[in-house]
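Contents: one structure, followed by commentary.
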Amino acid sequence: MSVLPVLTYPHPSLKEKAPEAAPGDPRLAEVLRDLEETIKAHPGCVGLAASQVGRNLRCLVVDVSSSPRAIEHHGMLRLVNPRVLEASQWKASREGCLSFPDLLANVKRAQRLKLAALDETGVPVEFVAVGFEAVALQHEIDHLDGILFLDRVRSSKDLYERRKVAPSPL
Amino acid sequence: MKKLVALTAIGQDRPGIVASLTKVLYEKGCNLEDSSMTRLQGDFAILLLIALPAGLSAKDLEASLKAANNDLTLLLRELSQTEAGAPTDESLPYTLMVYGVDHPGIVYRVAQEASSLKVNITDLRTHVTKSAGNDLYTLIMEVEVPDAPTVARLKDVLDRLKKELKVEMALNQVETDEL
């Protein structure tokens, strides 16, 4: 296991769409373990997508359990080929991103999300995430599509420099 | 008819600028019709639309404001009756986000293309932050697009501009939540 360097913009990998991973792909287990190590090495970080560490695979990890913003959660989620089945209860909240260390933005996300994915052993799973966990999952799934949180900012008042406001990294 | 003046002021930031400026306005019986104030690095910038009470001239107000705020660079201009009042056209509100490695000309090129399509910029902010050892430039502006065909043309122009300027762009329609 190793802590991987997190790519920051303008690294071209961040704008690429990650291809579906084959369930038996031998790289998956290692990438998921490394992602997990890497978020643990960044206090306050609640999720990372493979695209952020330069691995062109459709997988992510999210763990919001240490965040005071998380009311309900599933602990450490390791997801392969995640797909949003239903999204509802849209609300804007402030996000940060390790790939843009100095910026924060208000982004509108679904507060209730029904997802389908494979777990780290290749078994299909379906579950509902709510609140901050749902927000974090949408942020990371966006990364797998090459969509960055700045692409979703809807007002000039919704972008902030981190040094001028309180931190809250995703 | 309300007599309106536009005021712009900028000066080195310190506590008390807003208080000393609005004290004069309050004592003179003025009303703040619209305002935007912000800190730009070490300077504080003020934009105000002020309704004057009967019997107060823009010149008199300017003299009083300058006397009480001699560390601000201050400018006052009386609005004509045709300028006064919010626009009521049917244009489409959009937000345009532009981000990329900083280089001269980003704002100019985007604004120039917007202007040639009669797209009106109503709010604009920029940020320079660090990212991967580069200066990351973010430009976010709110625009009014005259009509749907122009939205399509704007998208084409921005696709071209994105490559020219080596930046990312996101054009999003402003959503209004009716609660």
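Chain naming here is simple, since letters A, B, ... match the order of the sequence lines and numbering starts at 1 in each. Just so it is clear, the values below take in all heavy atoms, side chains as well, and ignore hydrogens, waters and symmetry mates.
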Looking at [Y], is its backbone amide N or carbonyl O close enough to the side chain of [X] to form a donor-acceptor pair, meaning the two atoms are under 3.5 Å apart?
X       : Y       : result
E168(B) : D151(A) : no
D102(A) : K130(B) : yes
R154(A) : T95(B)  : no
S131(B) : Y9(A)   : yes

Any side-chain heavy-atom pair of [X] and [Y] under 4.5 Å:
X       : Y       : value
L159(A) : H127(B) : yes
T138(B) : F100(A) : no
S155(A) : E142(B) : yes

Enclosure of [X] [atom1] (heavy-atom neighbours >12, cutoff 6.0 Å):
X       : atom1 : answer
E30(A)  : CD    : no
K157(A) : NZ    : yes
Q81(B)  : CD    : yes
K28(B)  : NZ    : no
Y26(B)  : OH    : no
R125(B) : CZ    : yes
E72(A)  : CD    : no

- Could you tell me which residues satisfy ring pair (Phe, Tyr, Trp, His ring centres under 6.0 Å) with Y137(B), sequence neighbours excluded, listed by chain and number? none
- Item | Residue part contacting chain B, namely of L103(A), when any heavy atom lies under 4.5 Å | side chain
In Å, rounded to the nearest 0.5 Å, how long is the span from [atom1] of [X] to [atom2] of [Y]?
X       : Y       : atom1 : atom2 : value
T8(A)   : L136(B) : OG1   : CG    : 9.5 Å
M169(B) : L150(A) : CE    : CG    : 14.0 Å
L96(B)  : S156(A) : CG    : OG    : 11.5 Å

- Pair E161(A)-T129(B), side-chain donor/acceptor within less than 3.5 Å: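 No - no donor-acceptor pair under 3.5 Å links their side chains.
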- Task: Establish whether L124(B) and V128(B) are linked, either directly or via other cluster members, by ILVMFWY side-chain heavy-atom contacts under 4.5 Å.
- Result: yes
- Flag yes if V107(A) and V130(A) sit in one hydrophobic cluster, no otherwise; membership is Ile, Leu, Val, Met, Phe, Trp, Tyr, and two members link when side-chain heavy atoms are under 4.5 Å apart. no
Please tabulate, for side-chain N and O atoms in residues 38-56 of chain B, each donor-acceptor pair with protein atoms closer than 3.5 Å (sequence neighbours left out).
unit_1, atom_1, unit_2, atom_2, d
R39(B), NH1, D13(B), OD2, 3.3

- Query: Going by residue number, which parts of residues 101-123 of chain B are within reach of chain A, meaning a heavy-atom gap below 4.5 Å?
  - Reply: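 Listed by number: V101(B), D123(B).
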- Message: Could you list the cluster mates of I147(A)? Members are the ILVMFWY residues connected by side-chain heavy atoms closer than 4.5 Å, either directly or through other members.
- Response: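 None; I147(A) is a cluster of one.
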